[in-house]
S.K.: 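Handing you a structure now.
Heavy-atom basis, side chains included; hydrogens, waters and symmetry copies ignored. Within every chain, numbering begins at 1; the chains are lettered A, B, ... in the order of the sequence lines, protein sequences first and strands thereafter.
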Protein chains: 2
Amino acid sequence: MRNLADEIERFILRKLAGETNDITILQRNELADELSCAPSQISYVLSTRFTAERGFIVQSRRGSGGFVRIVRVPVQKIVYNKPDNIMDYCSPEDFENIIIKLNSERMITAREAGLIKYFLDVIDDYVNPVEKMRIFRSLLITLENNS
Amino acid sequence: MRNLADEIERFILRKLAGETNDITILQRNELADELSCAPSQISYVLSTRFTAERGFIVQSRRGSGGFVRIVRVPVQKIVYNKPDNIMDYCSPEDFENIIIKLNSERMITAREAGLIKYFLDVIDDYVNPVEKMRIFRSLLITLENNS
DNA sequence: ATAATAAAAGTCAACAATAGTCAAAGCGGA
DNA sequence: TCCGCTTTGACTATTGTTGACTTTTATTAT
C-alpha cells in the first residue's frame, strides 16, 4: 500500500530540488488537498522528516496568507553538528561566504549578519586565525542559546 | 490568495526606501483606495509591522488634513540620548545596562543582545575602555545600517 | 465666536483563512 | 500478537480582513 508520508517527503524533496537556493515555500492545506490527505499529515512529515538533524529548517506562518518554508541547510551541519569536521580556520572569504549562506537560509537576520561581519573584522587585528575560528563557533552557539 | 497585509508592508517599505531621511508621510484613506482595501487594514499593518520592536515610530493626525508619518528609528539614538553617552567609556555594568535597556525597549532582539554581550566580552581582552566605547558605537551604527 | 459639517484617522468585534497540537485509531512487519 | 510508525480529525492558535462606529481636526455657515 502507498505510504503517504514517504510520498509527501518525496514531493517536497522534488520541489526543493527544483529550486535554485535550497528554499521552497508551500501551503499546507493546498498540498494536503493535492495529495488527498489530512493537512495535519503534512505537519507530521515536516516534523519527522525535515528536521534540523537531517539538515532542514522549517518556518511557517499561520493565518490568512499562511505558508510553510522549508530550507535545506548543509552549512548548519558543518557549523553546528560537526565541530570535528570543520576546518581549524577560515579565510576572510570563507567567513563571508558562510555568513551569506546563513543569512540566505534565514538562520540569521541581516542585522545579525552585519554584526558578525563587523565583529570578525574587529578581532582580526587581535587574534590569530585559529583563535578567530574558535570565537566564531562560540558566537554561533551564543546565538543559538538566545533563540 | 493575495495577501494584502504583506503588500501594504512592501508598499510602505518601498516608499520609505525612496526617502532620504527615513521618514515618509502618507494618507490612510488614499493608500487604502490605491490598494483597494479597507482603511482599517492600513492601521492593522502599521500596528503589527511598523512597531518599535522593528525600529519604527508611527505618528498620525486625524481630521481634515490628517496624515500618517512613519519614521525608521536609528537604534543608536537611544544610546546617544542618554547622559552616559557623553562619557568616553563605560564600565562593563554600564554596557550591560545599555544592552538590557535596548532590548527592553525592543530596539534589539535577545539574540542581538547576546551577540553584543559576547562581542564586548571578547574584545575586553584586547582593547582599552575608550577603544571599546568607540567600537560599541560603530557596532550600533552597523546594526542600524542593516535594518 | 459658535455651531454645524466635512474630512480625516482610530478602535473593536466578528469572521475568514491559515497552520499547529495531540490523542486515538489504523496498519504492517518482526 | 505486539510495537512502532502512520493517519486522521477535532480542537487550538495565529494572522488577516472588513465594516460599523468613534474621535479628532479643519472648514464653513450663521
S.K.: May I ask you to say what Ser40(B) touches in the nucleic acid, namely base, sugar-phosphate or nothing, with a heavy-atom cut-off under 4.0 Å?
M.R.: base
S.K.: Let me know the distance between CD1 of Ile25(B) and P of dA8(C), rounded to the nearest Å.
M.R.: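 Answer to the nearest Å: 15 Å.
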S.K.: Checking Lys117(B) side chain against Ile99(B) main chain: does a donor-acceptor pair fall under 3.5 Å?
M.R.: no
S.K.: Starting at CZ of Arg69(B) and ending at C1' of dG10(C), how long is that distance when rounded to a whole Å?
M.R.: 17 Å
S.K.: Would you kindly give the CD1-to-P distance between Ile42(A) and dA19(C), to the nearest whole Å?
M.R.: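 The distance from CD1 of Ile42(A) to P of dA19(C) comes to 10 Å, rounded to the nearest Å.
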S.K.: Would you kindly give the CG-to-C1' distance between Asp33(A) and dT18(C), to the nearest whole Å?
M.R.: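 Taking atom C1' of dT18(C) as the reference, CG of Asp33(A) is at 14 Å.
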S.K.: For Glu112(A) and Glu112(B), indicate whether the former's side chain and the latter's backbone hold a donor-acceptor pair under 3.5 Å.
M.R.: no
S.K.: Produce a footprint string for nucleotides 24-30 of chain D: one letter per nucleotide, 5' end first; B if the base is under 4.0 Å from any protein heavy atom, S if only the sugar-phosphate is, - if neither.
M.R.: BBS----
S.K.: Looking only at side-chain N and O atoms, does Tyr44(B) come under 4.0 Å of OP1 or OP2 in dG16(D)?
M.R.: yes
S.K.: Check the phosphate of dT18(C) against Ser60(A), side-chain N and O only, distance under 4.0 Å to OP1 or OP2. Yes or no?
M.R.: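 False: Ser60(A) side-chain N/O out of range (4.0 Å or more) of dT18(C) OP1/OP2.
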S.K.: Between C1' on dA16(C) and CD on Gln27(A), what's the gap in Å once rounded to a whole number?
M.R.: 14 Å
S.K.: From CD of Glu30(B) over to P of dA7(C), roughly how many Å is that when rounded to an integer?
M.R.: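 It works out to 15 Å between those atoms.
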S.K.: Could you say whether Pro39(A) or Arg49(A) is positioned toward the 5' end of DNA chain D, judged by the nucleotide with the nearest heavy atom to each?
M.R.: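 Per heavy-atom nearest nucleotide, the more 5' residue is Arg49(A).
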S.K.: Taking the minimum atom-to-atom distance to the side chain of Arg28(B), which one of dA19(C), dA9(C), dT7(D) wins?
M.R.: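 Minimum distance to the Arg28(B) side chain belongs to dA9(C).
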S.K.: In this structure, how many angstroms lie between the C1' atom of dT18(C) and the CG atom of Leu4(B), rounded?
M.R.: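 Going from CG in Leu4(B) over to C1' in dT18(C) covers 15 Å.
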S.K.: Could you tell me which non-hydrogen atom of Cys37(B) sits nearest to which non-hydrogen atom of Leu4(B), and how far apart they are?
M.R.: CB-CD1, 3.4 Å
S.K.: Has Thr51(B) got a side-chain atom pairing as donor or acceptor with Thr48(B)'s backbone, closer than 3.5 angstrom?
M.R.: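 Here the side-chain-to-backbone pair does not exist.
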S.K.: Is the shortest side-chain N/O distance from Gln41(A) to OP1 or OP2 of dT7(D) below 4.0 Å?
M.R.: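 Yes.
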S.K.: Flag the pair Glu131(A) and Arg134(A) as a salt bridge only when some basic side-chain nitrogen lies within less than 4.0 angstrom of an acidic carboxylate oxygen.
M.R.: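 Salt bridge present between Glu131(A) and Arg134(A).
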S.K.: Between the side chains of Arg28(B) and Ser43(B), is a donor N or O closer than 3.5 angstrom to an acceptor N or O?
M.R.: yes
S.K.: Asn3(B) side chain N/O closer than 4.0 Å to the phosphate oxygens (OP1, OP2) of dA17(C)?
M.R.: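 The answer is no; no side-chain N or O of Asn3(B) sits under 4.0 Å from OP1 or OP2.
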S.K.: So does Asn29(B) get a side-chain nitrogen or oxygen closer than 4.0 Å to the phosphate oxygens (OP1/OP2) of dA7(C)?
M.R.: no
S.K.: When you compare the side chain of Leu31(B) with that of Ile12(B), does any pair of heavy atoms fall below 4.5 Å?
M.R.: yes
